[in-house]
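What follows is a single structure, written as structure tokens, with notes after it.
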Amino acid sequence: MTAQRFRPEYRIRRSRDFRRAYQLRATVSDRLLLVFAHPNDLPHPRLGLSVSRKVGRAVVRNRWKRLIREAFRLTRPRLPQGIDLVVIPRQGAEPDLSGLMDSLPRLAHRAARKLVQESR
RNA sequence: GGAGAGGACAGGACGGUCGCCGGCUCGGAUGCAAGGGUCGCCAUACCGACCCGCAAGCAUCCGGGCGGGAGGAAAGUCCGGGCUCCGAAGGACACGGUGAUGGGCAACACCCACCGGCCGCGAGGCCAGGGAAAGUGCAACAGAAAGCAGACCGCCGCACGGGCCUGCCCGUGCGGUAAGGGUGAAACGGCGAGGUAAGAGCUCACCAGCAGGCCGGGUGACCGGCCUGGCUAGGCAAACCCCACCGGGAGCAAGGUCAAACAGGGAGCAGUGACGGUGUCCCCGCGCGCAAGCGCUGGGCCGUCCGCGGGUCGGUCCGGUCCGCUAUCGACUUCCGGGUAGACUGCUGGAGGAGUUGAGCAAUCGGCUUCCUAGAGAAAUGGCCGUCGCCUGCAUGCGCAGGAACAGAACCCGGCUUACACGUCCUCUCCAACC
RNA sequence: CGCGGGGUGGAGCAGCCCGGUAGCUCGCGAGGCUCAUAACCUCGAGGUCGCAGGUUCGAAUCCUGUCCCCGCCA
């Protein structure tokens, strides 16, 4: 039951956490999403959203953010632990919940493997 | 029934479940949190006895309950205000904006009423709607001529020459003429009569339009009438401009508050110079000029500086170090203790909504009753499912599949503009038919 | 959120203030020169001036609305 909650501690809220993820440049992507990853010291993953005006007007941007948050909430047990994910929707893609629920865990695990490789 | 005109409303409904944001409330865990009173004693403290309290509160974490959570445009950011800070800042000029009149409003470029012009058979609609008889300017091409008008053809007169069926025709020159032709977006009123060589507001009547005066109506823009004048003054001010009125700048990322410690920072006084200067001017001085006035490495005045600039290393404004420049090498003493990041605040109850009533043609304003309706912060208002209603297609008995616009609060209001699916209601106009 | 700048041939830019003719460089096409290519010379094509209204006789230009792009402050 509590596995489906989405409290503020699961979100990236500090400017320096975003900057840290961008500077590491550990990215993975598919047709829907682009993800910047960075390890954190917490026992859970965190989600950060970056939705620029290039993907659409305010209604479309809100739709993307809500659906990505919903996908994160519902797939969180399947996500790797201790990782910050900055998620950016790709220009031209259509927001779609089932696609996002498929895409987000896969990208998160690929990012986690990439971080392990690079730390060596 | 058809075709329209104006206005108002609405922006699917109900339910289940998993989440998010903030509010109220209840409970749990941990930590902090508290002792007081009376009696004994001469009395205070200590001490002893007894009684009351031991959780109200605060902090962190966790859980439950209750009720709330995008719009008519939240949009564009085009106007107007509130609010906040900045400024030594007052006036004139400059710069920007607005533009018939009266009213409404906190204010407006908004709203209402009315006036004028244009469009429509009409209901109605549109108008940046002051000034072109203040000044400067603009008008390609065409055309004879385009702004104190203008002679290409035509018409008319005179002179000369020629022809000759001799009072007619042709050519040339000079002059008159704006009635006719043709050009243009635009050619200096229309029409009739007189007049004339031909013509012309040259003169006259009427009409249109203009200026002045008077009378009547209206708060007023303006409207109606009469008289007089002179007959024409053209268009463009979303060209410069003139007139009237309005406007200081920046914006809630405004602004305010907050721990500790030092390095260090800041301010004032005195002194001394250097640098710069309000869009322009103001006071003084000097120069030029008859004067109005004009000019000035000027002064006063105001601001900044008690080093400045660059490279490099580390880093939160900053510090270390090196180099260059320079006028003074930045004294002494007193006082204050900041900013950034972060957190809290500003932050939602207001020129507020609904009903009713009074004033008013109306916009709107007043009285009474009643209601409380989002406050995020890398930024909530969402996901899934069901039932009903609407539309489209298949079908037309049931049903099945699909669709439902424009668009997302960010300090708050008043407007404007732009976008918009399925719709609902009210008032009015024209046409057709029937009673 | 606030503010500023810009949309003109295929590309990059003038013209806009002060309204009547859309011009420059490169590129493109044809011809010439050359044994041939480049360079050079000559000629030519190619533009709804982002879109929609308005003012004007007339709008790339002036005014209003709208769409898109770029940049700046925090």
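Letters A, B, ... are given to chains in the order of the sequence lines, protein chains preceding strands, and every chain is numbered from 1.
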Q.
Tell me whether Thr75(A) contacts the main-chain N or O of Ala71(A) through its side chain, where contact means a donor paired with an acceptor under 3.5 Å.
A. yes
For residues 57-68 of chain A, the salt bridge (charged side-chain N to carboxylate O under 4.0 Å, His left out) pairs (sequence neighbours left out) are none
Side chain to side chain donor-acceptor pair (under 3.5 Å) filter on Arg78(A), not counting sequence neighbours, yields none
Separation between the C1' atoms of G96(B) and G349(B), rounded to whole Å
38 Å
_Is the shortest side-chain heavy-atom distance between Leu33(A) and Ile68(A) below 4.5 Å?_
yes
Checking N1-N3 plus N6-O4 or O6-N4 for Watson-Crick, or N1-O2 and O6-N3 for wobble, each under 3.5 Å, the partner of G397(B) is none
Residues pairing under salt bridge (charged side-chain N to carboxylate O under 4.0 Å, His left out) where one sits in residues 28-40 of chain A, two or more places apart or in two chains, turn out to be Asp30(A)-Arg106(A)
State whether Arg66(A) places a side-chain N or O below 4.0 Å from either non-bridging phosphate oxygen (OP1 or OP2) of G383(B). no
With sequence neighbours left out, the residues meeting side-chain contact (heavy atoms from CB on, under 4.5 Å) with Pro39(A) are Leu24(A), Leu115(A)
Picking from C20(B), G408(B), G382(B), the nucleotide nearest the side-chain atoms of Arg63(A) would be G382(B)
Q: Please measure how far the P atom in A140(B) lies from the corresponding atom in U66(C), and state the result in whole Å.
A: 37 Å
Using Watson-Crick geometry (N1-N3 plus N6-O4 or O6-N4) or G-U wobble (N1-O2, O6-N3), each under 3.5 Å, G116(B) is paired with C127(B)
When you look at Ile88(A) and Trp64(A), which way does the side-chain contact (heavy atoms from CB on, under 4.5 Å) test go after all the steps?
CA-CA 9 Å; Ile88(A) 300 169; Trp64(A) 269 108; over 6 Å; no
So the salt bridge (charged side-chain N to carboxylate O under 4.0 Å, His left out) pairs with at least one residue in residues 84-97 of chain A (sequence neighbours excluded) are Arg20(A)-Asp84(A), Arg46(A)-Asp84(A)
Leu74(A) CG to U17(B) C1', in whole Å, measures 13 Å
Regarding A233(B), purine or pyrimidine glycosidic angle vs 90° from 0 gives syn
What distance, rounded to whole Å, do you find between the two P atoms, one in C35(C) and one in C28(C)? 25 Å
If pairing means Watson-Crick or G-U wobble with both distances under 3.5 Å, then the partner of C32(B) is G57(B)
Separation of C21(B) atom P from Lys65(A) atom NZ, nearest Å, is 15 Å
| Any Arg11(A) side-chain nitrogen or oxygen under 4.0 Å from OP1 or OP2 of A380(B) | no
Considering only the P atoms, how many Å lie between C112(B) and G125(B), rounded to the nearest integer?
10 Å
Comparing nearest nucleotides in RNA chain B, the 5'-proximal residue of the pair Ser50(A), Arg61(A) is Ser50(A)
Of the candidates C21(B), U381(B), G383(B), the side chain of Leu67(A) sits closest to G383(B)
Problem - G65(C) to C79(B) separation - P atoms, rounded to the nearest Å - result: 8 Å
Paired to C390(B) by Watson-Crick or G-U wobble criteria (both distances under 3.5 Å) is G403(B)
Just the atom pairs and distances: protein N or O near nucleotides 68-70 of chain C's N or O, under 3.5 Å.
none

Exercise. Taking atom C1' in both G11(B) and A419(B), what distance in whole Å separates the two?
Worked result: 14 Å
- Task: With C1' as the reference atom in both, quote the distance from C344(B) to C313(B) in angstrom, rounded to an integer.
- Result: 39 Å
query: Taking the C1' atom of each, how far is G104(B) from A362(B), in whole Å?
result: 10 Å
When rounded to whole Å, the CG to C1' distance for the pair Leu49(A) and A378(B) reads 8 Å
Between Leu47(A) and Asn62(A), the residue closer to the 5' end of RNA chain B by nearest nucleotide is Leu47(A)
Margin query: Does A380(B) have OP1 or OP2 under 4.0 Å away from a side-chain N or O of Arg69(A)?
Written below: yes
